[in-house]
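Structure, as structure tokens:
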There are 2 protein chains.
Amino acid sequence: MAIRHSILALLQDKARYGYELRSEFEARTGAVWPLNIGQVYSTLDRLERDGLVTREGADGEGHVIYSLSPAGRDEIGGWLSTAVGREAPPRNELAIKLSLAATLPGTDLPAIIQEQRGASLAKLQELSQLRKDVSGAPRTADTARLIVLDSLVFQLEAELRWLDLCEARLVHTGQIAAVLPDAGPAAAG
Amino acid sequence: MAIRHSILALLQDKARYGYELRSEFEARTGAVWPLNIGQVYSTLDRLERDGLVTREGADGEGHVIYSLSPAGRDEIGGWLSTAVGREAPPRNELAIKLSLAATLPGTDLPAIIQEQRGASLAKLQELSQLRKDVSGAPRTADTARLIVLDSLVFQLEAELRWLDLCEARLVHTGQIAAVLPDAGPAAAG
DNA sequence: CGACACATGTAACACGTTACATGATTTG
DNA sequence: CAAATCATGTAACGTGTTACATGTGTCG
């Protein structure tokens, strides 16, 4: 529902056309979460069908303009004033993967964890650099970008700490041997 | 693709039937990420169509058993040995919401942040309690559950820290006034 | 003129959710 | 016997992705 509501939020500011909605969305979430233009149009169709937006004729340049209906104004007001539900968090593919790998035979858990650490760390460094670049000249659109980047950085940092914890837990339950920096030959399974 | 691969992972252990696959999945991700039984059957249909699983006749109790094909074994091997891609992280509704709210007029940012803090904190406490219960007697299935719970707890803690940062950033850019614990009357917008 | 950005769509497909239908077996 | 659990499906719908089709305007 994020896209649906994002479109309503942007229309709350003023009436806009499809292509413009994508531009405004991507100006904020940018390279991180691109938005397919086809989805904008089909979402606008559904929003009109549901009575949340109204399709105006043209705007002088011939653009197909959409504006918020009263029902749409209610909807977006509710979205903004109500917290994003954390009762049913979206599935986390990585958590599912480790959860399965840890309880099924024939998986190399330390390798999986190490592999993931590499990927997550690489992305974290890339994001940190991006954040540094963006925070240089904080224009209006960059405020939005910073918020998104901060979010991703915090999530990735948490992911890395979680990977450490998983490794520690598995050592503790004896599922894998502790990996010491300069370990000599240890007893293998 | 998480469900698709989870089913393959469970089949790697041994041949199973639909209902059993759901049970095994939910034994690990449990109350957090329930799995609709209908989706199991339709996913199995697609997996069979794609040649990743083979539908065996019955198993003595009359169950519709599926087993991994060689192609399926390759597929799940690849999934387990390759890190979950962090290049295109899934959209975060909350990050999008704050990003939009911070750059559109007519939004009460402090209220949104405070509202979210309440919801996230409540969920965090619920999860912490759950984690305490589960970690009491670490049976095999509980290892999987713990991994999932740890993941959620870490993500929520990161979310709360991120909310603090957002507030601080907005104070810094002058978008909102600093909220002090025992603040007297301050200049309002 | 050719490439690229602007602009609006449609179609096919994958994935996910909810609800419905149907029947066997188990348990109070 | 009634209710719950086990077990296998189908149908409708919403959301999201990718690719395709089409046409205008601008810039080198």
Side-chain angles (χ1 to χ4, degrees), chain A residues 1-8 10-11 15-27 29 32-53 55-66 75 79 84-85 87-93 96, chain B residues 1-8 10 15-27 29 31-53 55-66 75 79 84-85 87-93 96:
Chain A
M1 307 288 299
I3 301 304
R4 190 179 163 94
H5 283 120
S6 296
I7 287 178
L8 291 177
L10 288 167
L11 290 180
R16 301 178 196 259
Y17 55 94
Y19 203 86
E20 185 186 6
L21 286 165
R22 184 182 68 161
S23 304
E24 289 296 328
F25 183 89
E26 290 196 346
T29 70
V32 179
W33 294 313
L35 175 55
N36 185 276
I37 183 63
Q39 195 184 347
V40 175
Y41 293 118
S42 43
T43 301
L44 282 170
D45 285 346
R46 275 181 238 132
L47 286 170
E48 190 187 11
R49 180 203 55 189
D50 299 343
L52 302 182
V53 304
R55 186 188 178 125
E56 319 272 326
D59 74 332
E61 285 92 29
H63 294 137
V64 183
I65 297 289
Y66 288 84
E75 176 69 22
W79 187 64
V84 171
E87 316 83 38
R91 286 191 191 117
N92 180 337
E93 178 171 352
I96 292 175
Chain B
M1 307 287 304
I3 300 305
R4 191 178 161 94
H5 283 120
S6 296
I7 287 178
L8 291 176
L10 288 167
R16 302 180 195 259
Y17 55 95
Y19 202 86
E20 184 187 6
L21 286 165
R22 184 182 67 161
S23 304
E24 289 296 328
F25 182 90
E26 290 197 347
T29 70
V32 179
W33 295 314
L35 175 55
N36 184 276
I37 183 62
Q39 195 184 348
V40 176
Y41 292 118
S42 43
T43 301
L44 282 170
D45 286 345
R46 276 181 238 133
L47 286 170
E48 190 188 12
R49 179 202 57 188
D50 299 342
L52 302 182
V53 304
R55 187 189 177 123
E56 319 271 325
D59 75 330
E61 285 92 30
H63 294 137
V64 182
I65 296 291
Y66 288 85
E75 176 70 21
W79 187 63
V84 171
E87 314 84 38
R91 286 192 192 116
N92 180 337
E93 179 170 351
I96 292 175

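Every heavy atom of this structure was used, including side-chain atoms; hydrogens, water molecules and symmetry mates were not. Chain identifiers are assigned alphabetically (A, B, ...) following the order of the sequence lines, protein sequences preceding nucleic acid strands; residue numbering begins at 1 within each chain.
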Point to revise | Closest approach of B:Leu47 to B:Arg4 (non-hydrogen atoms, all atoms of both residues) | key: CD2-CG, 3.7 Å

Revision key, fill the gap. By nearest-nucleotide position on DNA chain D, the 5'-leaning member of B:Arg22 and B:Tyr66 is B:Arg22

Review point. Centre of B:Tyr19's six-membered ring, under 6.0 Å away, within 45 degrees of the axis: is that where NZ or CZ of B:Arg22 sits?
Key: yes

Point to revise | B:His63 NE2 - C:dG23 P separation (whole Å) | key: 18 Å

Point to revise | A:Leu47 CG to D:dG14 P, straight-line distance once rounded to whole Å | key: 12 Å

Point to revise | Rounded distance in Å - CD (A:Gln39) to C1' (C:dT10) | key: 15 Å

Exercise for review: Whole angstrom is fine here: how far is it from CG in B:Leu21 over to C1' in D:dC6?
Suggested key: 14 Å

Check your understanding: When rounded to the nearest 0.5 angstrom, what is the spacing between CG in B:Leu8 and OG1 in B:Thr43?
Key -> 10.0 Å

**Study point:** Value in whole Å for how far the P atom of C:dA12 lies from OH of A:Tyr41
**Key:** 21 Å

Check your understanding: Can you name the nearest heavy-atom pair linking B:Val53 to B:Leu44, along with the distance?
Key -> CG2-O, 4.1 Å

Check your understanding: What is the distance, rounded to the nearest whole Å, between atom CG of B:Asn36 and atom P of C:dT18?
Key -> 7 Å

Review point. Starting at CG of B:Asp45 and ending at P of D:dT10, how long is that distance when rounded to a whole Å?
Key: 7 Å

**Study point:** Which nucleotide in C:dA14, D:dA7, C:dA7 has an atom nearest any side-chain atom of A:Tyr19
**Key:** C:dA7

Practice item. With heavy atoms under 4.0 Å as the rule, sort A:Ile3 into base, sugar-phosphate or nothing. Key: sugar-phosphate

Practice item. Just call it for A:Arg4: base, sugar-phosphate, or nothing, with non-hydrogen atoms closer than 4.0 Å on any strand. Key: sugar-phosphate

Point to revise | Whichever of A:Val64 and B:Gly38 has its nearest DNA chain C nucleotide further upstream toward 5' | key: A:Val64

Check your understanding: Over how many whole Å does the gap from B:Ile37 atom CD1 to C:dT17 atom P extend?
Key -> 13 Å

Review point. Heavy atoms under 4.0 Å, any strand shown: does B:Arg55 hit a base, just sugar-phosphate, or nothing?
Key: sugar-phosphate

